[in-house]
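Both counts, for ligands and for their atoms, begin at 1 and track the order of listing.
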Amino acid sequence: MNSAPETIAEMLDRLSEIVPDYPSEGISFKDLTPVFADAQGLRRIVDEVIAPFAGTFDVIAGLEARGFVLAAAAAYATGTGMITIRKAGKLPRAVHRDEYTLEYGTGVLEIHRDDIAPGTRVLILDDVLATGGTVGSAVRLLEIAGAKIAGIGVVLELDELGGRKKLAEHKVHSLQLV
Ligand code: AMP
C-alpha cells in the first residue's frame with residue numbers, strides 16, 4: 001500500500017523541537033535546527049519558502065542567525081546574492097541601524113550602508129515570525145538603504161502574536177502556522 005507523501009506541516013512536526021520556557025519562562029521556543037540538520041528537511045523548507053516569490057527578487061536578505069541558514073541556501077539555489085542583516089556591532093563598515101522589540105526582549109539590527117544598490121528587490125527570510133518586530137526592523141533598514149521589499153518568507157508563523165498584521169503592506173509567506 002502506498003502511503004501519502006508527507007506534507008510540509010507533517011515534516012515540520014516530525015523534525016522540529018518545542019522547548020518550553022526558553023530563553024525565558026513562558027516562551028515556547030520553536031527549534032528548527034533539527035530541520036536544518038536533515039538533508040531532505042533543509043532542501044524542502046528552502047524550496048518551499050521561496051516558491052511564491054520566484055522571479056520577483058534580485059537578492060535575499062537573511063536575519064541573524066537562523067535566517068542566514070535559509071537565505072544562504074536560497075541564494076545559492078536561485079543564483080542570487082545574500083545580504084546579512086546582523087545584530088549590533090558585528091558589521092565592520094558603516095551601517096544603518098534600527099532598534100526593535102521581539103517576543104522576549106529588545107534588540108538592534110544593522111545593515112552595511114553600501115550592501116544594496118537603490119531599487120534592488122529584496123526577499124527577506126527568517127526561521128520564525130513571532131511579533132514581527134525583527135522582520136519589521138529589517139524592512140525599515142532595507143527601505144532606508146533604498147531597497148524594494150519583494151516579500152517575506154518564514155518557516156513558522158506564531159499566529160497568535162500577530163506579526164503578519166505589522167507587515168500588512170508586504171507579501172508574507174509562511175510554511176506553517178503554529
Ligand atoms: P519577532 O521579532 O517577535 O517576530 O521574533 C522573531 C525572531 O525571534 C526570529 O528571528 C526568531 O528566530 C526569534 N523567535 C521569536 N520567538 C521565537 C520562538 N517562540 N521560537 C523560536 N524563535 C523565536
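- Within ligand 1, the atoms closer than 4.0 Å to a non-hydrogen atom of Gly133 are 1 (P), 2 (O), 4 (O), numbered from 1 in the order shown.
- Taking a cut-off of under 4.0 Å to the non-hydrogen atoms of Gly132, the atoms of ligand 1 that pass are 1 (P), 3 (O), 4 (O).
- Of all atoms in ligand 1, numbered sequentially from 1 with element shown, those under 4.0 Å from a heavy atom of Leu158 are 19 (N).
- Here the rule is side chain to side chain contact (heavy atoms under 4.5 Å, CB included) with Ile85, and of Ile111, Asp98, Thr134, Val135 only Ile111 fits it.
- Residue nearest to atom 11 (C) of ligand 1, selected from Asp31, Asp127, Thr101, Thr106: Asp127 (by heavy-atom distance).
- No side-chain heavy atom of Val154 sits less than 4.5 Å from a side-chain heavy atom of Leu125.
- Taking CD of Gln176 as the reference point, atom CD of Glu48 lies at 11.5 Å (rounded to 0.5 Å).
- Val155 pairs in a side chain to side chain contact (heavy atoms under 4.5 Å, CB included) with only one of the listed residues (Asp126, Leu70, Val128), which is Leu70.
- A salt bridge does not link Lys87 to Glu64: none of the charged side-chain nitrogens sits closer than 4.0 Å to a carboxylate oxygen.
- Put simply, the side chain of Tyr100 reaches to within 4.5 Å of the side chain of Arg140, judged on heavy atoms.
- Looking only at atom types and distance, the side chain of Asp58 has no donor-acceptor partner in the side chain of Thr120 under 3.5 Å away.
- At least one N or O atom of Ala130 sits closer than 3.5 Å to an N or O atom of ligand 1.
- Atom 10 (O) of ligand 1 has its nearest heavy-atom neighbour, among Val154, Val178, Thr134, Asp126, in Asp126.
- Short contacts between ligand 1 and Arg66, defined as distances under 4.0 Å to a heavy atom of the residue, involve ligand atoms 11 (C), 12 (O), 13 (C), 22 (N).
- Using a 4.0 Å cut-off to heavy atoms of Thr131, the atoms of ligand 1 that qualify are 1 (P), 2 (O), 3 (O), 4 (O).
- Considering backbone and side-chain N/O of Glu64, none are found under 3.5 Å from N/O of ligand 1.
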